[in-house]
Amino acid sequence: MKLDEYENENDREDSRESGETFLQSKATTKFLLWIIALLLICIVILLGAIFLRGKKDDVVNRDLQQSITDYAKEQQELEQQTIQDSDVLTNREEDAAEKEEFVQTTLTKEPVKETVEETEEPVSEAEEMKAVVVDIENEDDEAYTKEFILKEAYPHFEANNQDAIWDLAHLKRYVKLSRGLLGTGEYYYQGDVDSDGKPHGTGLAIYEKNSYYFGEWSHGKRSGKGAWFRFYIGQKNKQNAMGAYVSHSYSGEWADDLPNGEGAEHYEVDISLLQKSGKLMIQNVVGNFTNGLYDGNLFANTVDYTGTIQEWDGIAKNGMFTLWRDISAIGECSVWRNKDDHDWCLDIDKSENKNQGLRELLK
């Protein structure tokens, strides 16, 4: 036997003798414990991985479900928008068809009446009354009768609608009605009357020469407050030789059929007919009147061909002016004095310094 084999054999015998086995050694025990610990760790890691994967799957499932829901909503909204767009397109096509039909209808027959009610802008009473002022060519029409004309004109005079009154007075049928009274001394009347049928209260009268009166009456005579108008329609007179005056009026107090008391006289002037000589035309006279004559302190204004207005003062007694200066050498006298420049006066022929006032109304 060899020496090495002899020593190994002795070692094995020693081990058997000490009663120790391989499984009973300390090294073996520690090794096993480490193995068990390692296995436990692996098991824990595996379980954790499984748990986390389940969570992840839940999140993925929820996200997927939310995505599906959102997608479904988007598809629904898209479908609704498509339907709306389709409706709009259909409406536009229908509108286009209607417009085409309207154009064709307009070209071929009477326009189709719209059923939609339009909101009208508010119209003033004066504008409403002015809108009814129309002329009529047929002289056999009822509109040429005095009854119709008085009934038509009354509300315009009552409202003192100057524009409508002007338009009415210039209608052919009004001019013809007034012309029919020429030289008769009569007038047509509508309004309040007394027991004898005479004008008494408030009423409208139409006279010759395109003249009118609206206001208060007393037993057939103009008395109280009232307004008189005369329109120069194709007419000229001594005071209107150039035709520059287009109307003449008075508004104020009346008594015994004439202006009596405070009032205002007015001329409507067409300045385009005034000469460039610098002549001034009386436009307004305000003050006191007695039996149609100037009587007391008076205030006037004039206008020239440029439209410039000047103010003047005057004093009269029963139609005769107190003179600011007497120019007998040339037969003139100064009756109006400029309000701002007292050295500037308006002159008239001295022989005319009488019966100054509303001569067209004087008896």
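The chain is numbered in sequence order, starting from 1.
- Note on ring orientation: taking the six-membered ring where Trp is involved, the planes of Phe231 and His170 are perpendicular (angle over 60°, cut-offs 30° and 60°).
- Aromatic pair Tyr207/Tyr187: ring centres closer than 6.0 Å.
- Side-chain atoms of Tyr213 and Asp257, non-hydrogen and from C-beta on, never get closer than 4.5 Å to each other.
- Between Ile206 and Ile149, the shortest heavy-atom contact is CD1-CG2, 4.0 Å.
- To the nearest 0.5 angstrom, Arg337 atom CZ is 9.5 Å from Asp343 atom CG.
- Side-chain heavy atoms closer than 4.5 Å link hydrophobic residues (I, L, V, M, F, W, Y) into clusters, and following such links, possibly through other members, connects Leu204 to Leu171.
- Looking only at side-chain heavy atoms (C-beta outward), Leu361 and Arg222 come within less than 4.5 Å of each other.
- Taken from CD1 in Ile165 to CG in Asn160, the straight-line distance is 5.5 Å, to the nearest 0.5 Å.
- Nearest heavy atoms, Ala244 versus Met281: CB-CE, 4.1 Å.
- Note that the NZ atom of Lys151 and the OG1 atom of Thr145 stand 10.5 Å from one another [nearest 0.5 Å].
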Derivation and outcome, side-chain contact (heavy atoms from CB on, under 4.5 Å), residues Thr308 and Leu280: CA-CA 9 Å; Thr308 302; Leu280 304 178; over 6 Å; no
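- Within the 4.5 Å cutoff, the side chain of Leu298 has heavy atoms near those of the Trp336 side chain.
- Annotation: side chain of His156 is in contact with side chain of Leu168 (closest heavy-atom distance under 4.5 Å).
- The cluster map of Ile, Leu, Val, Met, Phe, Trp and Tyr, joined by side-chain heavy atoms under 4.5 Å apart, puts Leu274 and Leu346 in the same cluster.
- The shortest side-chain heavy-atom distance between Lys221 and Asp256 falls under the 4.5 Å cut-off.
- Applying the side chain to side chain donor-acceptor pair (under 3.5 Å) definition to pairs two or more places apart or across chains, those involving residues 192-203 are Asp194-His219.
- The list of side chain to side chain donor-acceptor pair (under 3.5 Å) pairs with a residue in residues 280-296, not counting sequence neighbours, reads Asn260-Asn291, Glu265-Tyr294, His266-Asn284, Asn284-Asn301, Thr290-Asp295.
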Verdict with supporting geometry, Gln356 and Ile348, side-chain contact (heavy atoms from CB on, under 4.5 Å): CA-CA 11 Å; Gln356 290 288 324; Ile348 62 173; 4.1 Å; yes
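- Under the 4.5 Å side-chain criterion, counting only non-hydrogen atoms from C-beta, Leu358 is in contact with His248.
- Annotation: Phe321 is not in aromatic contact with Trp312 [ring centroid separation under 6.0 Å not met].
- The structure places CD of Glu262 at 12.5 Å from OG of Ser251, a figure rounded to the nearest 0.5 Å.
- The number of heavy-atom neighbours closer than 6.0 Å to NZ of Lys172, taken from other residues, nucleotides and ligands shown, is above 12.
- Residues Leu258 and Met320 do not share a hydrophobic cluster, clusters being chains of Ile/Leu/Val/Met/Phe/Trp/Tyr side chains in contact below 4.5 Å.
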Full working for side-chain contact (heavy atoms from CB on, under 4.5 Å) between Phe148 and Leu177: CA-CA 11 Å; Phe148 185 95; Leu177 183 68; over 6 Å; no
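- Under the 4.5 Å side-chain heavy-atom criterion for grouping Ile, Leu, Val, Met, Phe, Trp and Tyr, Leu150 is connected to Leu181 within one hydrophobic cluster.
- Here the side chains of Arg325 and Asp347 are in contact, with some heavy-atom distance below 4.5 Å.
- Residue Trp324 comes nearest to Asp313 through the heavy atom pair NE1-O, 3.4 Å, listed as atom of the first residue, atom of the second, then distance.
- The two atoms that bring Thr306 and Asp304 nearest to each other are OG1-OD1, 2.6 Å, heavy atoms only.
- Between the side chain of Ser211 and the backbone N or O of Arg230, no donor-acceptor pair lies under 3.5 Å.
- Glu152 and Arg173 are joined by a salt bridge, as a carboxylate oxygen and a charged side-chain nitrogen come within less than 4.0 angstrom of each other.
- Note: Tyr267 and Tyr245 meet the aromatic proximity criterion, with ring centroids under 6.0 Å apart.
- Across all non-hydrogen atoms, the minimal contact from Ala300 to Val285 is CB-CG2, 4.2 Å.
- Side-chain rings of Phe214 and Phe229 stay apart, their centers remaining 6.0 Å or farther from each other.
- Minimum heavy-atom separation, Tyr232 to Ser247: CD1-N, 3.7 Å.
- Two rings, from Phe289 and Tyr250, have their centers less than 6.0 Å apart.
- Here the options are Ser334, Cys333, Cys345, the test is side-chain contact (heavy atoms from CB on, under 4.5 Å), and the partner is Leu323; only Cys333 passes.
- No side-chain heavy atom of Trp217 sits less than 4.5 Å from a side-chain heavy atom of Trp254.
- Taking CG of Asn210 as the reference point, atom CG of Leu182 lies at 10.0 Å (rounded to 0.5 Å).
- When the side chains of ILVMFWY residues are joined at heavy-atom separations under 4.5 Å, either directly or via intervening members, Ile282 and Ile315 end up in two distinct hydrophobic clusters.
- Between atom CD of residue Gln310 and atom NZ of residue Lys339 there is a gap of 11.5 Å, rounded to the nearest 0.5 Å.
- Side-chain atoms of Glu208 come within 3.5 Å of backbone atoms of Gly183 as a donor-acceptor pair (strictly under, hydrogens ignored).
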